Amino acid sequence: MATFALVDVNSFYCSCERVFDVRLQDVPVVVLSNNDGCVIARTSEAKALGIKMGEPWFKVRDMAQRGGVKAYSSNYALYADMSQRCMTVLSQFASSVEVYSIDESFLALDGHDPARLASLGGEIRARVLQWTGLPVGVGIASTKTLAKFANHLAKKHPAFTPAGVCNLIDVPPARLDKLLAATSTEDIWGVGRRLSARLAAQGIEDALALRDAPADQIRTRYSVVLERTILEMRGVSCLALEEVMPDRKEIVVSRSFGRPVVELHELREAVASYATRASEKLRRQAGAAGGVSVFLHTNLFNDDPRYSASTAVQLVEPSADMRELVGAACAALQRLFRPGYRYAKAGVMLLDLAPAAIRQETLWSPSLSRDPAALMRAVDGINKRMGRGTLRTAAAGQRRAWSMRRQRLSPCYTTRWQDVPMARA
DNA sequence: TCTGGGGTCCTAGGACCC
DNA sequence: TCTGGGGTCCTAGGACCC
């Protein structure tokens, strides 16, 4: 029987902020989305105040501040670096690790003494905390879906020992049934709000009823995906550990603007910036794009006149060249733009991605002596050393008055020398 | 009056995840 | 005034092919 652990960091973004500021230890902390728009991470103290996930910050700000909440703009440079440190520690505990998201990993624990799994979970927690300062939860079970559930239980029930660890393999079947019966289907990995509502309408009101529903009926009425979830809940492992992250099939860079944008030239700066960033991500996976799509829209929440549009441009041959991708994106924007609207957001998607190495050249492809890839390697190299955006296309602009608000940003403690308190002194 | 069967590819939309 | 960003997979239906 396979054994999986799911390890995740509690309130990850908030915990990262706490590591570097002891004053945040016992106070409620939230981290906001880009543009300081919504609450996307909350500590338990902030949850206790009734602050919901995804809630617009301007709606809860007054209440939150009265309650002593400290709010931060999201600092992805800090979180990405802390994530790497955490994953490095986790890799010491398992031969195979799947980094599932910025704050979660699945570990293959096969080969460990079954009697020692729970205490192993405790050791994982202790070492990650000691080496990175981040608190994690550990769920252990025979399938990935059950490991997710175990992790959920470890957070909810302080009774499991050691604290923060739940090993479902040790839980007697009758007790497991009770725990499932007390769990909403929505709290099962793979079941979202919509499916949960449809299931409830069919009389499947809790996770126990879902597990025991007839699998073939579920497949016919819903999908093979949900059938797999049910099998996994029964201990039949259908989802394997995926160690190598497959290359992205599409790359999206999009942002809401810090304020409404009316002028084409400002939109062009934004779209060129997004295309530049997207091309960096593309080259990082050694890919080339066959097409570029651009979208833009006005504010969907207020009474501004609505306009929303997208269009795609096919490239003559796949490319990872920043200049070509920015050019294509700007051409697409030109087609979409309608004057007189107050635009709120734009985005660039790179489509039809393929490995750059196997691309099909045309009769007019540049010769090797004018290798555009060499130029891009130089650009990427300089930006890596000197900071993102040091070299960019002129189209990406200088003033960038449209860029997002981040008024509550913490320092990049681990990735910028200027931001290290000691270095400033 | 009669109007096959089977396959592939593409796209849009819906659902999920963090 | 203020409402995030970036992904994946599956399915149904239409176009098209022989």
Side-chain angles (χ1 to χ4, degrees), chain A residues 6 8-13 30-41 51-62 64-65 71-76 79-80 83 98-106 144-145 148 151-152 185-199 218-229 238-239 242 245-260 270 274 277-278 281-282 285 290-291 293 295 297-304 310 312 342 344-353 403-408:
Chain A
L6 179 80
D8 79 337
V9 182
N10 304 337
S11 314
F12 178 54
Y13 297 168
V30 300
V31 170
L32 307 177
S33 64
N34 277 343
N35 250 341
D36 296 343
C38 300
V39 175
I40 54 169
I51 299 174
K52 303 267 183 313
M53 184 70 176
E55 202 160 22
W57 175 236
F58 75 90
K59 285 188 180 171
V60 291
R61 186 174 45 213
D62 289 347
Q65 289 177 336
Y72 288 86
S73 304
S74 24
N75 183 344
Y76 285 104
Y79 309 151
S83 172
E98 173 185 343
V99 178
Y100 175 66
S101 76
I102 193 163
D103 74 326
E104 278 177 73
S105 271
F106 286 103
K144 287 169 109 179
T145 304
K148 278 283 239 185
N151 179 284
H152 170 82
T185 56
E186 210 185 320
D187 289 333
I188 298 298
W189 189 40
V191 182
R193 251 208 345 261
R194 316 247 173 174
L195 274 177
S196 180
R198 279 175 64 192
L199 287 165
I218 292 289
R219 184 181 51 216
T220 330
R221 211 184 279 215
Y222 299 88
S223 69
V224 296
V225 182
L226 191 58
E227 182 193 27
R228 228 155 28 210
T229 297
C238 306
L239 303 169
E242 291 172 27
M245 256 223 284
D247 285 340
R248 299 268 89 96
K249 294 172 177 173
E250 55 185 38
I251 289 171
V252 181
V253 176
S254 73
R255 299 274 183 279
S256 298
F257 303 129
R259 55 147 172 84
Y274 303 163
R277 178 73 191 117
K281 293 184 179 184
L282 178 63
Q285 68 172 40
S293 156
F295 69 86
H297 60 76
T298 53
N299 192 321
L300 304 171
F301 299 98
N302 64 14
D303 295 332
D304 282 359
S310 71
R342 292 158 54 81
K345 180 175 177 177
V348 171
M349 300 175 68
L350 303 183
L351 312 168
D352 307 330
L353 306 190
S403 58
M404 65 185 180
R405 286 186 305 275
R406 297 168 91 187
Q407 288 174 341
R408 301 159 167 277

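Every heavy atom of this structure was used, including side-chain atoms; hydrogens, water molecules and symmetry mates were not. This is a predicted model, so every value here is computed, not measured. So that the names make sense, note that chain A is the first sequence line, chain B the second, and so on, each numbered from 1.
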Candidates [options] - which lies nearest the side chain of [X]:
{"X": "A:Ile40", "options": "C:dC2, C:dG4, C:dG5", "answer": "C:dG4"}
{"X": "A:Arg194", "options": "B:dA15, C:dG4, C:dG6", "answer": "B:dA15"}
{"X": "A:Tyr100", "options": "C:dG5, B:dC18, C:dC2", "answer": "B:dC18"}
{"X": "A:Arg405", "options": "C:dC2, B:dC17, C:dG5", "answer": "C:dC2"}
{"X": "A:Tyr76", "options": "C:dG4, B:dA15, B:dC18", "answer": "C:dG4"}
{"X": "A:Ser256", "options": "C:dG6, B:dC16, C:dG5", "answer": "C:dG5"}

Identify the two heavy atoms, one from [X] and one from [Y], that lie closest to each other, and give their separation to 0.1 Å.
{"X": "A:Glu227", "Y": "A:Ile218", "result": "N-CG2, 4.0 Å"}
{"X": "A:Met53", "Y": "A:Ile40", "result": "CE-O, 3.0 Å"}
{"X": "A:Trp57", "Y": "A:Val39", "result": "CE3-CG2, 4.0 Å"}

Quick one: is [X] getting a side-chain N or O under 4.0 Å of the [N] phosphate, OP1 or OP2?
{"X": "A:Lys345", "N": "C:dG5", "answer": "yes"}
{"X": "A:Arg259", "N": "C:dC2", "answer": "no"}
{"X": "A:Ser254", "N": "C:dG4", "answer": "no"}
{"X": "A:Lys148", "N": "B:dC18", "answer": "yes"}

(request) Starting at the 5' end of DNA chain C, write a dot or bracket for each base, bracketing those in Watson-Crick or G-U wobble pairs whose two distances are under 3.5 Å and using | for partners on another strand. (result) ....||||||||||||||
(message) Let me spell it out: for each of A:Arg342 and A:Ile251, pick the nucleotide of DNA chain C with the closest heavy atom. Which residue's pick is nearer the 5' end?
(response) A:Arg342
(request) Starting from the 5' end of DNA chain C, give me the residue, A:Lys249 or A:Phe257, whose nearest nucleotide shows up first. (result) A:Phe257
Between [N] ([atom2]) and [X] ([atom1]): distance, integer Å:
{"X": "A:Lys144", "N": "B:dC17", "atom1": "NZ", "atom2": "C1'", "value": "12 Å"}
{"X": "A:Asn299", "N": "C:dG4", "atom1": "CG", "atom2": "P", "value": "9 Å"}
{"X": "A:Glu250", "N": "C:dG6", "atom1": "CD", "atom2": "C1'", "value": "9 Å"}
{"X": "A:Arg193", "N": "B:dG14", "atom1": "CZ", "atom2": "P", "value": "14 Å"}
{"X": "A:Tyr79", "N": "C:dG6", "atom1": "OH", "atom2": "P", "value": "16 Å"}
{"X": "A:His297", "N": "C:dT3", "atom1": "NE2", "atom2": "P", "value": "11 Å"}

Test of understanding: with salt bridge (charged side-chain N to carboxylate O under 4.0 Å, His left out), list the residues that count as partners of [X], not counting sequence neighbours.
{"X": "A:Arg194", "answer": "none"}
{"X": "A:Arg342", "answer": "A:Asp304"}
{"X": "A:Arg405", "answer": "none"}
{"X": "A:Glu98", "answer": "A:Lys144"}

(request) Decide yes or no for A:Asp8 and A:Asn151: does some side-chain heavy atom of the first lie under 4.5 Å from some side-chain heavy atom of the second? (result)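 A:Asp8 vs A:Asn151: side chains touch.
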(message) Please give the distance between the C1' atoms of C:dG4 and B:dC17 as a whole number of Å.
(response)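 So the two C1' atoms sit 15 Å from each other.
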Classify [X] by what it touches in the nucleic acid, base, sugar-phosphate, or nothing, heavy-atom distance under 4.0 Å.
{"X": "A:Arg219", "value": "nothing"}
{"X": "A:Asp103", "value": "sugar-phosphate"}
{"X": "A:Leu32", "value": "nothing"}
{"X": "A:Asn34", "value": "sugar-phosphate"}

(message) Please enumerate all residues that pass side chain to side chain donor-acceptor pair (under 3.5 Å) together with A:Arg221, with sequence neighbours excluded.
(response) none
(request) For A:Thr145, check side chain to side chain donor-acceptor pair (under 3.5 Å) against everything at least two apart and list the hits. (result) A:Glu232
(request) Go through the structure and list residues passing ring-ring contact (aromatic ring centres under 6.0 Å, His included) with A:Tyr76, not counting sequence neighbours. (result)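 A:Tyr76 satisfies ring-ring contact (aromatic ring centres under 6.0 Å, His included) with A:Tyr13, A:Tyr79 only.
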Report all side-chain donor-acceptor pairs from residues 185-192 of chain A shorter than 3.5 Å, counting only partners two or more places apart or in another chain.
| unit_1 | atom_1 | unit_2 | atom_2 | d |
| --- | --- | --- | --- | --- |
| A:Thr185 | OG1 | A:Ser196 | OG | 2.9 |
| A:Trp189 | NE1 | A:Tyr100 | OH | 3.3 |

(message) My understanding is that only residues two or more places apart in sequence, or in another chain, count here; which of them pass side chain to side chain contact (heavy atoms under 4.5 Å, CB included) with A:Ser73?
(response)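 A:Ser73 satisfies side chain to side chain contact (heavy atoms under 4.5 Å, CB included) with A:Asp36, A:Arg406, A:Arg408, A:Leu409 once adjacent residues are dropped.
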(request) Using a 4.0 Å cut-off on protein heavy atoms (strictly under), produce a 5'-to-3' string for nucleotides 7-12 of chain B with B for base contact, S for backbone-only sugar-phosphate contact, and - for none. (result) ------
(message) Please list, in numerical order, the residues of residues 53-62 of chain A that have a heavy atom closer than 4.0 Å to any atom of DNA chain C.
(response) A:Pro56, A:Phe58, A:Arg61
